[in-house]
K.L.:
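Questions regarding the structure given below will be posed in turn.
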Amino acid sequence: MNKVGFFQSVRLKLILVYILLLLLGIQVIGAYFAQNLENNLEQNFKNSINERVQWLTYSLTQAFENEMERTDDEVTLEEEVQGILGDFDSSDIQELFVVDKNSRILATYGQQYDQQDNVGQKTRDSLVQSTLLLGDPKDKIFVDEDNDRIFVRTFPITVDDETVGAIYLRARMNEIYTQMSEINGIFAKGTLISLTITALLGILVARTITRPITEMRKQAKKMAAGDFSQKVNVYGSDEIGQLAVTFNDLNDKIQLAQATTEGERRKLSSVLSNMSDGVIATDRLGAITLMNKPASNLIGQSFEDVQGQSLFDVLDLNDQITDISEVQDTGSMLVDMSTDEQYMVLKANFSYVLDERQNMNGFITVISDVTEQEKVERERREFVSNVSHELRTPLTTMRSYLEALTEGAWTDKEIAPRFLEVTQNETERMIRLVNDLLQLSKMDSKGHELFKDRVEFTEFYHHIIDRFEMNKEEGITFERNLPKEAVYVWMDKDKITQVMDNIISNAIKYSPEGGTIRFWTKKYNNKLQISVSDEGMGIPAEKVDKIFDRFYRVDKARTRKLGGTGLGLAIAREMIEAHHGQIWAESKENKGTTIHFTLPLVKKKRRGST
């Protein structure tokens, strides 16, 4: 877990909230104060203007009243009004002029009108026109081109309730806003000082609140790492203090629970690791959550590869189980994991995992390798079937011929001898079959014994070939490619003689007329390879490896016709493997077959027999 920076901490957030609340309060008070102060200053300014103009209005009213009684030798209204304005003095008023009821300017006041340029001219100001027309004072505030706030007001001059003139004045309000600016500056400085003090106090308050939380966070990190040795400090009995007490209690309970869980986990891990069978655990939906090493070896995938996948997909059970609820009822089933290179059968046993409410929370699958048992069982079934088939054919033939003889065929001097000959051949065939079966049974039970001698194999090989060459058909040729040097091997002469008899007999049986049977040997890696090749019908590529299986025939009808039992090469394989050798075949259809087998050579340093 990364360290929390100050700008991401709760402490900063508390300080900011504290400051913002204070700032909000100050701003609300300041806005209310400033608004009311501005209104009061403006009102005082207007009242001050009105008071100054009140005397002026009175004097001008008297002047307009005297206008009705004025004689020619007296001063004119314009001169009298100008004299009144000359006595008027106000630094706030920028401009002031008096107009008669015809909007003609009678006199002016202010720097802008020192030259009296506008006296006698009519004004078109809308406020003046409105005041003359309605007899009411008018005012407005605007900002001029110098960015100064200007206050404009008009006052009516009435005589006997008749508006006979008006006063127009213009005054700057800069002093008001200068005062406002100074007051706002003072207020801003006070706010800054308040915020600074508040921030310092906020840091202290926030630290008091966040310190226990920080300690609990550090302890939580240690707990996550498995360290339960320390506890957080309790600083009081408030909510945070009670949280610290609860946190320490939680620390103790988690420590106890983890110790218990760890002990159970170690027990389970030990059991799973030392089991020879594979164990796969899934959740209630069938997704794999646990798998031991034997299970990984059996299915050929690691736990990381199958974690989260459906057990039905991994074991390819979708054709056998359509719904997860069927698992418990199934109990166990065989799973074919065979590939093109390897035959493998697994047995899967299923059992539910129930939660505290007795609801299915997943299931455990125990898988074991039953490939050998299945092979043995399959071979047993095939063996029984093949033996039954092989014995049934000659027995049926013998029964048919014996029934014919019993029914009178024995009196026929031509038919009877032939029937008896067939019966004798079938009897001999059954005897050979039974002898082969007994020999295989003896070899399977390890009841046979090898009597190995140091044998010069080239001379032995010639002797075997000579024996067959004396009785072979004239259309078959033997070709020998044997070394002239002496080659010594350790072997049981009787057993190897039987092996070679089976191989050469098959080569002769399946060789066509005019065919050649070749014999040769080759030394490599302290072994001697013996090979016998014919030019017969050959064997399809997909069946070559099966010819050493018991009762296997490439062409069953032809093999049986030639008197074969289907056990000769199976016996040969057992005998060669008993000599720690290997036997195999190479063949192409219509191009013949070659049988190879190896025997261990005698090492030069060894002398004598075993």
K.L.:
Using a 3.5 Å distance criterion without hydrogens, assess whether the side chain of E479 forms a donor-acceptor pair with backbone atoms of I517.
P.N.:
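Looks like no, no N/O pair under 3.5 Å.
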K.L.:
Let me confirm one number: the CD1-OH distance from I504 to Y461, rounded to the nearest 0.5 Å.
P.N.:
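Atom-to-atom, I504:CD1 and Y461:OH are 6.0 Å apart.
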K.L.:
Can N502 and M575 be said to form a side chain to side chain contact (heavy atoms under 4.5 Å, CB included), step by step?
P.N.:
CA-CA 12 Å; N502 280 326; M575 290 183 175; over 6 Å; no
K.L.:
May I have all residue pairs that pass salt bridge (Lys or Arg N to Asp or Glu O under 4.0 Å) and include part of residues 521-535, sequence neighbours excluded?
P.N.:
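Of all non-adjacent pairs touching residues 521-535, those that pass salt bridge (Lys or Arg N to Asp or Glu O under 4.0 Å) are E485-K523, R518-E535.
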K.L.:
To the nearest 0.5 Å, tell me how far Q529 CD sits from W520 CH2.
P.N.:
8.0 Å
K.L.:
If I compare all heavy atoms of F468 with all of D501, which pair ends up nearest, and what's the gap?
P.N.:
CE1-OD1, 3.2 Å
K.L.:
I would like to know whether I595 and I547 meet side chain to side chain contact (heavy atoms under 4.5 Å, CB included); could you show each step before the answer?
P.N.:
CA-CA 11 Å; I595 303 295; I547 63 173; 4.1 Å; yes
K.L.:
Just how far is it from atom CZ of F350 to atom CD1 of I367, taken to the nearest 0.5 Å?
P.N.:
9.5 Å
K.L.:
State, with a plain yes or no, whether a side-chain heavy atom of T521 is found less than 4.5 Å away from one of V487.
P.N.:
no
K.L.:
Any side-chain heavy atom of I503 sitting closer than 4.5 Å to one from F597?
P.N.:
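In short, these two side chains touch, coming nearer than 4.5 Å.
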K.L.:
If we ignore hydrogens and angles and just use 3.5 Å, is the side chain of N292 paired with the main-chain N or O of D277 as donor and acceptor?
P.N.:
yes
K.L.:
Just how far is it from atom CG of D283 to atom CG of L290, taken to the nearest 0.5 Å?
P.N.:
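D283 CG to L290 CG: 12.0 Å, rounded to 0.5 Å.
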K.L.:
Just verifying a value: how many Å separate T598 OG1 and Y524 OH, rounded to the nearest 0.5 Å?
P.N.:
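Result: 5.5 Å between the selected atoms.
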K.L.:
Applying salt bridge (charged side-chain N to carboxylate O under 4.0 Å, His left out), can you list everything that pairs with D305, at least two apart in sequence or on another chain?
P.N.:
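Partners of D305 under the salt bridge (charged side-chain N to carboxylate O under 4.0 Å, His left out) test: none.
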K.L.:
Count the heavy atoms belonging to other residues, nucleotides or ligands that lie under 6.0 Å from CD of E459, then report whether that count exceeds 12.
P.N.:
no
K.L.:
How many angstroms lie between atom CZ of R454 and atom OH of Y488, to the nearest 0.5 angstrom?
P.N.:
5.0 Å
K.L.:
Evaluate I508 against I476 for side chain to side chain contact (heavy atoms under 4.5 Å, CB included), listing each step before the verdict.
P.N.:
CA-CA 8 Å; I508 294 173; I476 296 177; 4.0 Å; yes
K.L.:
Under a 3.5 Å cutoff, is there a donor and acceptor pairing between the side chains of S587 and T593?
P.N.:
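On atom types as modelled, these side chains qualify, holding a pair under 3.5 Å.
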K.L.:
Does I496 reach the side chain of F460, with side-chain heavy atoms less than 4.5 Å apart?
P.N.:
yes
K.L.:
Give a yes or no on this: more than 12 heavy atoms of other residues, nucleotides or ligands lie within 6.0 Å of atom CD of Q582.
P.N.:
no
K.L.:
Under a 4.5 Å cut-off applied to non-hydrogen side-chain atoms, are F457 and I530 in contact?
P.N.:
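With C-beta onward as the side chain, the pair touches.
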K.L.:
Heavy-atom distance under 4.5 Å between the side chains of Q301 and M291, does that happen here?
P.N.:
no
K.L.:
Search all heavy atoms of G536 against all heavy atoms of P512 and return the closest pair with its distance.
P.N.:
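Taking every non-hydrogen atom into account, CA-CD, 3.8 Å.
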K.L.:
Taking all atoms of both residues into account, what is the closest heavy-atom pair of I583 and A572, and its distance?
P.N.:
CD1-CB, 4.2 Å
K.L.:
Using a 3.5 Å distance criterion without hydrogens, assess whether the side chain of H579 forms a donor-acceptor pair with backbone atoms of D492.
P.N.:
yes
K.L.:
Would you check if I576 and W584 make a side-chain contact, meaning some heavy-atom pair closer than 4.5 Å?
P.N.:
no
K.L.:
Could you tell me which non-hydrogen atom of I364 sits nearest to which non-hydrogen atom of A281, and how far apart they are?
P.N.:
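Looks like CD1-CB, 3.5 Å.
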K.L.:
Could you give me the CA-CA distance, side-chain angles and deciding distance for L256 and D252, then say whether side chain to side chain contact (heavy atoms under 4.5 Å, CB included) is met?
P.N.:
CA-CA 6 Å; L256 179 60; D252 295 336; over 6 Å; no
K.L.:
Considering all heavy atoms of both residues, which atom of S533 and which atom of T594 are nearest to each other, and what is their separation?
P.N.:
OG-OG1, 3.1 Å
K.L.:
Would you please name every residue forming a side chain to side chain donor-acceptor pair (under 3.5 Å) with R480, sequence neighbours left out?
P.N.:
H462, D466, E469
K.L.:
Examine distances only and state if a side-chain atom of N251 and a backbone atom of F247 form a donor-acceptor pair shorter than 3.5 Å.
P.N.:
no
K.L.:
Evaluate side chain to side chain donor-acceptor pair (under 3.5 Å) for T477 paired with T516, printing each intermediate quantity in order.
P.N.:
CA-CA 5 Å; T477 304; T516 300; 4.5 Å; no
